[in-house]
Student: 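Here you go, one structure.
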Amino acid sequence: QVQLVESGGGLVQPGGSLRLSCAASGSIFSINAPGWARQAPGKQRELVARITSGGSANYADSVKGRFTISRDNAKNTVYLQMNSLKPEDTAVYYCNALINTQAMGVRNYWGQGTQVTVSS
């Protein structure tokens with residue numbers, strides 16, 4: 001019954017910015033270590049960023065200094081602010097989280113993805 005829905009993707013020029021949002025719905029007790037991953041055609045899925053309940057964040061080397069992950073626990077939402085975008089950032093971006101529910105316990109969930117295209 002848990003669902004993750006991403007939004008905020010689109011077409012942007014190099015050097016531009018986008019903010020992605022991921023909202024979780026369902027009978028949720030807690031959301032642990034939400035994050036973002038991306039996958040370009042023909043390439044392996046890459047973890048982009050992850051944030052813990054304590055606010056500690058981890059980033060892939062390719063996005064450090066440009067991307068910022070944050071969360072709003074009251075809204076069950078995680079965000080990814082993307083600045084100074086490059087063509088190599090083009091990919092489908094997926095929201096991911098460990099979510100605890102009464103019915104299923106702790107389980108890993110993925111959103112359906114949102115397309116980000118960086119091109120001039």
Side-chain angles (χ1 to χ4, degrees):
Q1 296 183 8
V2 173
Q3 186 175 7
L4 300 179
V5 179
E6 301 99 335
S7 62
L11 175 64
V12 65
Q13 294 184 359
S17 298
L18 287 173
R19 190 177 80 152
L20 306 182
S21 299
C22 173
S25 62
S27 299
I28 298 170
F29 285 136
S30 63
I31 300 175
N32 306 114
W36 294 88
R38 66 186 182 186
Q39 188 166 24
K43 295 185 178 180
Q44 187 175 352
R45 185 170 295 188
E46 173 190 27
L47 178 65
V48 174
R50 189 171 298 281
I51 187 169
T52 69
S53 59
S56 178
N58 294 310
Y59 299 94
D61 289 341
S62 58
V63 307
K64 284 182 179 178
R66 300 187 298 119
F67 291 11
T68 302
I69 188 171
S70 61
R71 64 189 297 180
D72 186 333
N73 293 332
K75 296 181 179 180
N76 284 340
T77 301
V78 62
Y79 306 94
L80 185 68
Q81 178 67 46
M82 305 185 295
N83 298 326
S84 302
L85 284 162
K86 305 175 181 179
E88 49 263 45
D89 295 319
T90 296
V92 177
Y93 285 71
Y94 298 90
C95 181
N96 169 244
L98 292 169
I99 298 178
N100 186 25
T101 66
Q102 185 174 11
M104 303 299 296
V106 179
R107 177 171 289 195
N108 196 36
Y109 291 89
W110 291 87
Q112 293 184 329
T114 185
Q115 176 70 48
V116 172
T117 302
V118 185
S119 177
S120 60

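Bear in mind that the values here come from a model prediction, so they are computed numbers and not experimental data.
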Student: Shortest non-hydrogen contact from Ile31 to Ala24?
Tutor: CD1-CB, 3.8 Å

Student: Taking all heavy atoms of Leu4 and all of Cys22, pick out the closest pair and write down the distance.
Tutor: CB-SG, 4.0 Å

Student: Salt bridge (charged side-chain N to carboxylate O under 4.0 Å, His left out): which pairs involve residues 66-80, sequence neighbours left out?
Tutor: Arg66-Asp89

Student: Mind listing the closest non-hydrogen atom pair of Ser120 and Pro14 along with its distance?
Tutor: N-CD, 3.7 Å

Student: Pairs of donor and acceptor atoms involving the side chains of residues 95-106, under 3.5 Å and at least two apart or interchain, shall be tabulated with distances.
Tutor:
unit_1: Asn96; atom_1: OD1; unit_2: Arg50; atom_2: NH1; d: 3.2
unit_1: Asn96; atom_1: OD1; unit_2: Arg50; atom_2: NH2; d: 2.8
unit_1: Asn96; atom_1: ND2; unit_2: Asn108; atom_2: OD1; d: 2.8
unit_1: Asn96; atom_1: ND2; unit_2: Tyr109; atom_2: O; d: 3.0
unit_1: Thr101; atom_1: OG1; unit_2: Met104; atom_2: N; d: 3.1

Student: Of all residues at least two apart in sequence or in a different chain, which pass the salt bridge (Lys or Arg N to Asp or Glu O under 4.0 Å) check with Arg107?
Tutor: none

Student: Would a single hydrophobic cluster contain both Val48 and Val12, if residues Ile, Leu, Val, Met, Phe, Trp and Tyr are joined by side-chain heavy-atom contacts under 4.5 Å?
Tutor: yes

Student: Please, which pairs that meet side chain to side chain donor-acceptor pair (under 3.5 Å) have at least one residue in residues 19-36, sequence neighbours excluded?
Tutor: none

Student: Partners of Ser62 by side-chain contact (heavy atoms from CB on, under 4.5 Å), sequence neighbours excluded?
Tutor: Arg38, Glu46, Ala60

Student: Partners of Ala23 by side-chain contact (heavy atoms from CB on, under 4.5 Å), sequence neighbours excluded?
Tutor: Thr77

Student: Could you label the plane-to-plane angle of the Tyr93 and Phe67 rings as parallel, tilted or perpendicular, counting under 30° as parallel and over 60° as perpendicular?
Tutor: tilted

Student: Please step through side-chain contact (heavy atoms from CB on, under 4.5 Å) for the pair Arg45 and Tyr94, ending with a clear verdict.
Tutor: CA-CA 9 Å; Arg45 185 170 295 188; Tyr94 298 90; 3.5 Å; yes

Student: Under the side-chain contact (heavy atoms from CB on, under 4.5 Å) criterion, do Val116 and Leu18 qualify, and how do the steps go?
Tutor: CA-CA 9 Å; Val116 172; Leu18 287 173; 3.9 Å; yes

Student: Any side-chain heavy atom of Ile51 within less than 4.5 Å of one from Pro34?
Tutor: yes

Student: List for me each residue that meets side-chain contact (heavy atoms from CB on, under 4.5 Å) alongside Leu11, sequence neighbours excluded, and say none if there are none.
Tutor: Thr117, Ser119

Student: Please list, one pair per line, the donor and acceptor atoms closer than 3.5 Å that link side chains of residues 79-88 to other protein atoms, with sequence neighbours excluded.
Tutor:
unit_1: Gln81; atom_1: NE2; unit_2: Asn83; atom_2: OD1; d: 3.0
unit_1: Asn83; atom_1: OD1; unit_2: Ser17; atom_2: OG; d: 2.9

Student: Not counting sequence neighbours, list each pair that qualifies as a salt bridge (charged side-chain N to carboxylate O under 4.0 Å, His left out) and has a residue in residues 6-18.
Tutor: none

Student: In the hydrophobic cluster built from side-chain contacts under 4.5 Å, what are the other members alongside Phe29?
Tutor: none

Student: Are more than 12 heavy atoms, taken from residues, nucleotides or ligands other than Gln112, located less than 6.0 Å from that residue's CD atom?
Tutor: no

Student: Which residue pairs pass the salt bridge (charged side-chain N to carboxylate O under 4.0 Å, His left out) test when at least one of the two sits in residues 53-62, sequence neighbours left out?
Tutor: Asp61-Lys64

Student: Could you list the residues that satisfy salt bridge (Lys or Arg N to Asp or Glu O under 4.0 Å) with Lys43, not counting sequence neighbours?
Tutor: none

